[in-house]
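Notes follow the structure.
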Amino acid sequence: MDIRQKTHDTGGRERAIIEQNRTDEDDFRIDIERIRFSPYFSRLSAVTQVIPQAGSGTTVHNRLTHSLKVSAVARSIAIRLRTADEETRNLVAELGGCDPVVVQAAAAAHDLGHPPFGHLGEQELDRVARNILGLPDGFEGNAQTFRILTALDSCGATARGMNLTRAVRAAVLKYPWTRNEWRTMAPISSELLPRGVGTDPAAGAIKYSAYDIEAAEMRDVLSVFPAVAKYQQTVESSVMDIADDIAYAVHDLDDFYRAGILQYTTVSAEFRAWLEQTEQLAALRQADLDQRKPGHALEMTWRRAFAKDPWIADADAFRDSVQRVGHDLVEGLLAVPYDGGLEADRAVTAFTRRWIDRLQESVTVERTPTIRSGHVRLTKEAWHDVGVLKFVHSRFVLDRSDLAVYQRGQTRIIKSLAEGFNSWLNDPDDAARAPRRLLDSVQAATEEYRQLRAHSPELFLQAGPNEVQRLGQARAIVDYIASFTDAQAVSLNALLAGTADNLWEAGRGL
């Protein structure tokens, strides 16, 4: 048998509930269609990616279009691994395989758990979950994705979860740990921690892919990849993660340029100043760096990269990437303002295609990767390219005060919704009139915590008699808010505040 076909023969195709395959279609193809037909997937078309489409003056990526492009990039990388040299193919097979359909499915699913209002909405929902609702593991978009696939959505075989194959469920685990398992560990320097854990393990991981109630299922799906070490992604998850980075780094620049947010003068000044003053900037104390001065923000970015990832961060490679991105993006694309014409559209498309092709071809496979990386990773040059491209939209888009004002207003909606629904469910005279979907979710989540207490009583040693019910209610509220589109969140918040003037229309879908 061709080594490329010897994948997932240790249980990766198994489902939690055995189903009869009446169509004789590939199991992984069935999985990807279940994800694509999910209402959680359709919802992504109305969820912000980075900047909201409303008021941008042009069409920008949303979570759905981003997910589709990540899926395309991931598939291309997986196919390249299938046609790589024999040594690489053998290594991929030993690590559990890399099926192009599995990585497509994981890429399609990877953003299902993101709440309304982009990354700031995710951060606010986590704060609300921990500080107002009292959930020890809070909220995390990746963990919510795994929860949607394994508990919140449904299929013909079960009302709880899509019953996907183990391989696909494992492939969405970008951060294969829970938040709380890090709290008991001794302090560790950041370069020795997996990417996503953060710098203070005692506070719990910042990024994680499973809540406590899904931890057992996470361990089960990872068990069929014995060659993959603890805290490491499967090969397919690594490919999906790289594809996400590439799409985010390149396609979002497309949005910002078309929307007129990226300006040649400011970006060019930053790049030129850093390249011309490298030695002077390197000699400055950290406290003397001021990102309002040209060149300083790039210097800060380089220092952070080297502090976190000394295993790959290289001064010469970083400078080469600054020059490469500066030549193609700054002096190339941004030098000509976007006017909506055909030539401008062609220029954007050509830039995007060049960088997508370059980055998705720049991957390598390692048997024993550093804890900060995965079995599949970008080459040193491409890794720095992605870092510099991300710097551009972080510094010149995400740091803008006008965007910050808008986002801060959005986060108030998240908090208001959580407080409103929590108060409603705790009102003995009116709780029964809460939305049916929310009440059903409370019942289901409470049963999940009841089962968790039965199997892991050590997690509840300090808990009171009503802790299971309290946790179930809190998790259900978070699930409910995370399932809204941006517009639904705004409309429902207006209803709860008593300011909506279109009661019946705004209340649809409760």
Side-chain angles (χ1 to χ4, degrees), residues 106 109-115 118-151 169-223 225 228-234 237-238 240-242 244-245 248 304-305 307-309 311 369-375 377 448-449 452 456 458-460 471 474-475 478-479 482:
H110 85 282
D111 267 355
L112 292 181
H114 274 286
H119 287 289
L120 205 65
E122 181 179 8
Q123 294 170 10
E124 179 63 14
L125 189 52
D126 179 47
R127 283 193 291 267
V128 165
R130 289 182 289 111
N131 300 333
I132 295 178
L133 301 178
L135 280 172
D137 47 3
F139 172 85
E140 211 284 322
N142 293 281
Q144 194 70 17
T145 291
F146 193 63
R147 178 161 171 74
I148 288 169
L149 299 179
T150 60
R169 282 177 286 159
V172 302
L173 298 171
K174 290 172 65 173
Y175 309 99
W177 50 79
T178 63
R179 177 177 226 153
N180 296 319
E181 66 185 271
W182 294 91
R183 295 185 188 275
T184 58
M185 296 187 181
I188 309 173
S189 58
S190 59
E191 69 269 18
L192 300 178
L193 288 168
R195 183 173 57 88
V197 169
T199 58
D200 183 16
I206 295 175
K207 293 288 188 180
Y208 51 101
S209 283
Y211 300 123
D212 290 339
I213 45 179
E214 278 85 42
E217 181 151 3
M218 177 179 66
R219 290 190 294 269
D220 173 70
V221 299
L222 291 174
S223 69
F225 296 91
V228 175
K230 187 177 184 181
Y231 301 140
Q232 278 289 349
Q233 303 165 332
T234 65
S237 183
S238 290
M240 178 270 289
D241 196 8
I242 290 172
D244 188 21
D245 264 356
Y248 178 77
R304 282 195 297 268
K308 289 183 177 181
D309 293 292
W311 64 276
T370 172
I371 191 69
R372 296 280 300 168
S373 182
H375 287 289
R377 66 167 176 84
E448 289 176 312
Y449 278 103
L452 179 64
S456 303
E458 69 278 3
L459 298 176
F460 294 82
L471 290 171
R475 181 56 66 194
V478 170
D479 289 341

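Heavy atoms only: backbone and side chains are in, while hydrogens, waters and symmetry mates are out.
The aromatic rings of Tyr211 and Phe139 sit tilted, their planes meeting at an angle between 30° and 60°.
For the atom pair CG of Leu125 and NE2 of His114, the computed distance is 12.0 Å after rounding to the nearest 0.5 Å. The distance from the NE2 atom of His110 to the CG atom of Leu173 is 14.0 Å, given to the nearest 0.5 Å. Residue Arg372 holds its CZ atom at 9.5 Å from CG of Leu192, rounded to the nearest 0.5 Å. From Asp244, atom CG reaches atom CE of Met240 across 7.0 Å, with rounding to the nearest 0.5 Å. Atoms CD and CZ, on Gln144 and Arg475 in that order, are 6.5 Å from each other to the nearest 0.5 Å. In this structure, the separation between CG on Asp245 and CZ on Arg377 is 14.0 Å, given to the nearest 0.5 Å.
For Asp241, the side-chain contact (heavy atoms from CB on, under 4.5 Å) criterion is met by Lys174, Arg195, Gln233, not counting sequence neighbours. Residues meeting the side-chain contact (heavy atoms from CB on, under 4.5 Å) test with Ala170, sequence neighbours left out: Val221, Leu222, Phe225, Thr234.
Using a 4.5 Å cut-off on side-chain heavy atoms (C-beta onward), Val197 and Trp177 make contact. Residues Met218 and Thr150 are not in side-chain contact: their nearest non-hydrogen atoms beyond the backbone lie 4.5 Å or more apart. Residues Ile206 and Tyr175 are not in side-chain contact: their nearest non-hydrogen atoms beyond the backbone lie 4.5 Å or more apart.
Although no hydrogens or angles enter the test, the distance criterion places a donor-acceptor pair under 3.5 Å between the side chain of Gln232 and the main chain of Ser373. Under a 3.5 Å cut-off, the side chain of Trp182 and the backbone N or O of Asp200 do not form any donor-acceptor pair.
In terms of heavy atoms, Leu471 sits closest to Tyr449 at O-CE1, 3.6 Å. For the residue pair Ser238 and Gly374, the shortest heavy atom distance occurs at OG-CA, 3.9 Å. In this structure, Leu133 and Val478 approach most closely via the heavy-atom pair CD1-CG2, 3.7 Å. For the pair Lys207 and Asn142, the tightest heavy-atom approach, listed with the atom from each and the gap, is CD-ND2, 4.2 Å. Considering every non-hydrogen atom in both Asp137 and Asn180, the closest pair reads CB-ND2, 3.7 Å.
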Discussion item. Before you tell me yes or no, could you show the steps for Arg169 and Glu214 under salt bridge (charged side-chain N to carboxylate O under 4.0 Å, His left out), namely the whole-Å CA-CA distance, both residues' side-chain angles and the distance that decides it to 0.1 Å?
Written reply: CA-CA 12 Å; Arg169 282 177 286 159; Glu214 278 85 42; over 6 Å; no
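Evaluation of the salt bridge (charged side-chain N to carboxylate O under 4.0 Å, His left out) test over residues 178-189, restricted to residues two or more places apart or in two chains, returns Asp126-Arg179.
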